Q: 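This structure is in structure tokens; I'll ask about it shortly.
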Amino acid sequence: MKKDHVMRYRRLFLLALIIMVQAVVQFGLGRSILSNRGLADAFPTHPRHGLTSDIRTAYIIPGGSSSGSVSIFGALLSARDVNKDILVYDAAPFGGYRRNVFSGCIQSVSNAKTVGLGTWSGGACVATGFSGLGVRGSAWPIIYGMDDTAALQSEVDALGANQRLILRETHLIHDTVVFKNKTGGEFGGVTANGQVRSLPFTGSNLVWVGPARKPMFKFENSGGMYIHDLHFVGNSNPGNRPSAFIDIAQTIRVPIPNRFAGISNMAGGAWDNPPGGWDNVDNGIYIEPGFAGSPHEFINMRFYNVGTACFNDQNSAKPGPEFSDITCQHARVVLYCVNGGSVSFSGATETLTVV
Amino acid sequence: MNKVRIALLVAGLCISAVFGFYNFFLLLNSTAAEAQASEYPATLDGTDVSAFGVRYDVKLAAGMISAGSNKFRATSATVFSSADVGKDIIVYYRGNGPMKRMTRGNVWTGCIGHVDTPAIIAIGSWVGNSCVPSTSSFPALTDMYFILYGTDNTAALQSAIEHGGNDILDLKGSVMIKNSILFFHKTGKFEGMGPEGNLTTATPSGSNIIWAGPAGIPMIKLRADVLMTITNVHLVGNGNPAHRPSAFVDLAQEMRPPYAGLTSMDSFINISNDPAGQPGQGPFADTGVYFDDQKPENDVHMFYSLRLFNLASTCVDDENQQSIAMDFKDFYCANTPVAWYAPHGGQEDFTGVFTASNVGQVFHQGRFNRAAVDDLEVTNTSRAEAGYSQLAYFESNKFSAGGGQLIVYKGRYELSSNIPTHTVTVLGHRLTPYTVIDTDNSTISVIDLQNFSFLGSSNLPLANANWFFNLTPDPLRNNIYLRCYQCSGLSAQSLSRIRSGTNPSSMDIVEIKQMSPTLIYTRQLLTGGRPFIPSLRTLRPF
């Protein structure tokens, strides 16, 4: 009888121990779940993977050679500047704005004042001749800085479904950043507005230094993402004008569409993007042809100086994208949609000078 | 040995229970928090404004003030210190009401002039930036009062905006201000924790901006901003007429570089002045959102989940003729004389659901202001509000011809017993008694109601209603297009005051398609003084 009591107590004790351990584990698990729930700061909100935003401005001295070697005011340059992106703007101001006349890279630095210009060929900066300098008599503004294409791509690749990345500065890119097979996550900035004319720049700016006919951002079979508050800076140089700010390519219909809110190339923010100025991009949003589009949501889209269409939907899927609260100014076409499908507009739509 | 094991058993069970309950509590709170998370959750990615000197030190205290005295004696013995001198203070009359029921009005707004003891302060007034002890006989009655007090953060908050307004700024607590906060040439994000706040506990919760300033100026001003975002903030106005702000948000897009000529496109998301968690009694501001008339510039703003309560004049006062493409998504306006006032024209969309609860006049339009509403829900559960009840009024004014255009794709209008039975003057215009739609404009107005119901209420059953649309010429001319398609609730009485003018340029088109409660199925062109005849039916009117 006494032995039975002992056994019973042992069982009870074992039971209590199990319950206690279970409670502690659950407690820890619960806290773990809570700390990672939603879009909490499980992912750093500061750039990783080498994002630099190391950008400077300067002026080219008039009368430089046409060989691609140019001199700038001030002894600003060093060997560290080789392979940085560079944007050169016209000497002739147009209402305070200047067209982009060269976009490429710094191929060499001869001395603190002299650089050799180059163009990107894959990942290499190749020397190029650049005619035109020395013709005009006043200084040519330039922007140069570290190319963040690879770093930004690494950030995107590492971004998890329930994680967030907020860009707070300006990043130069010379190739498309691809969001491939993403199933969620937040990629955003501070505001859809920005300026990259004089330091310090403001806003979350993505500046295109790449070739023409390529989009700045491309979404391949990605859904459930929240992309917001980004200022895209296209390029007025026809040889460097991006095909789109955002290109959506889908071979499958994603179960949860992406949500884009607060995307702009706000006029006035860049040397070559005046109100009513030169085309900076072929399309604001481009949705590639196919049958597997998704009803992505686009809110607060503000596009200016667009070469073809602010919204170019080549996809025939139904239901198609929804656009809410949009601006399209100085574009050939607001909505270009010739392959069927459906598009919804809600909220306020502002279109000015669409020709 | 057995006692030891029993003790261990009990301890184990106790620990298990404690952890279990705590775990349950965490999950419960998490669920509640997630339930509160709206379509526009707060994320707080930015720099806390406290980094710029803003102090979250607003507190609530209860106590007594003797008649004719300016001394507040706290119920608790140790409340104040010398550091509280110069803080903003708002005094609310409590009387014998329960602790949580602080619906009595604000009787004094000023500052703490002196701390006599840890329980007693002298209340003062701001004279410039100096706090001067009050000499007025305040209050008239010896009674119980509540006070809200805290550091005046006007300068610190303004400094935060000046230095960080182009980036993300986070408001993570409650602040008191006594002057307008200005966003000038900003393009960043100002975000709080949510549109609700609780100021009825000793230490408030939420992102509350509390107004302790004078009357006649707004709490937040935006000038020449582009793509600025303000989100998840609770705005606490002031019910004292001498301290009632002119607006919560005041907008103008001025002609100054670098944004001259550009539209503004600011976003206001999850903004509220919900009084449920605050002391005092409304009206808490003259108007919710005010648009200045800056003629050459456009307002293309977005307001998502703007929820306004208890205002003196209007929820939105749009004076800008160039406010051409604004979106109010899920707009809520309650207990206010006029929900939407736009006398200078402009155009706006109300996407989502526009709810007007106990609002005297839902739309008051002029200069052919154009409003389109996805879903309009008008409820009138109170007899007390505003003294009148109209769906729309199209005014004549000095700016230009044209009344207004109201298009509703779906909705309902609940009648209130406050439909005026005698002439009432609102915003300078005399309302015709018994009217739900009214105008004093002799030129074009368009009313297009689709899938729309007129309903009786507990205050005024439909059968007893004596209401009507007043669309008569003024004096000899009108140009009205009225359509109610898939309508319900209209009667011969409600349509009995529609008539064209005798002036040759006068012409009305009226189309009504209603199956219940009275079949009205007609389309009529009215000219030469001809009245609309509700009973006239044709086999194929459409």
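Only a predicted model underlies this, so the values are computations on that prediction, with no experimental measurement involved.
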Q: Would you confirm whether the ring centroid of Phe268(B) sits within less than 6.0 angstrom of the ring centroid of Phe328(B)?
A: no

Q: What residue, out of Asp349(B), Thr229(B), Leu227(B), has the most heavy-atom pairs lying under 4.5 Å from chain A?
A: Leu227(B)

Q: Is the distance between the ring centroids of Phe94(A) and Trp278(A) under 6.0 Å?
A: yes

Q: Of the backbone (N, CA, C, O) and the side chain (C-beta and beyond), which part of Asp229(A) lies under 4.5 Å from a heavy atom of chain B, both, or neither?
A: side chain

Q: Would you please indicate yes or no on a ring centroid separation below 6.0 angstrom for Tyr40(B) and Tyr304(B)?
A: yes

Q: At a 4.5 Å cut-off on heavy atoms, which part of Thr327(A) comes close to chain B: side chain, backbone, both, or neither?
A: side chain

Q: Salt bridge check, Lys189(B) against Asp167(B): does any charged N sit closer than 4.0 Å to a carboxylate O?
A: no

Q: Considering only heavy atoms, which portion of Met326(B) lies under 4.5 Å from any heavy atom of chain A: side chain, backbone, both, or neither?
A: backbone

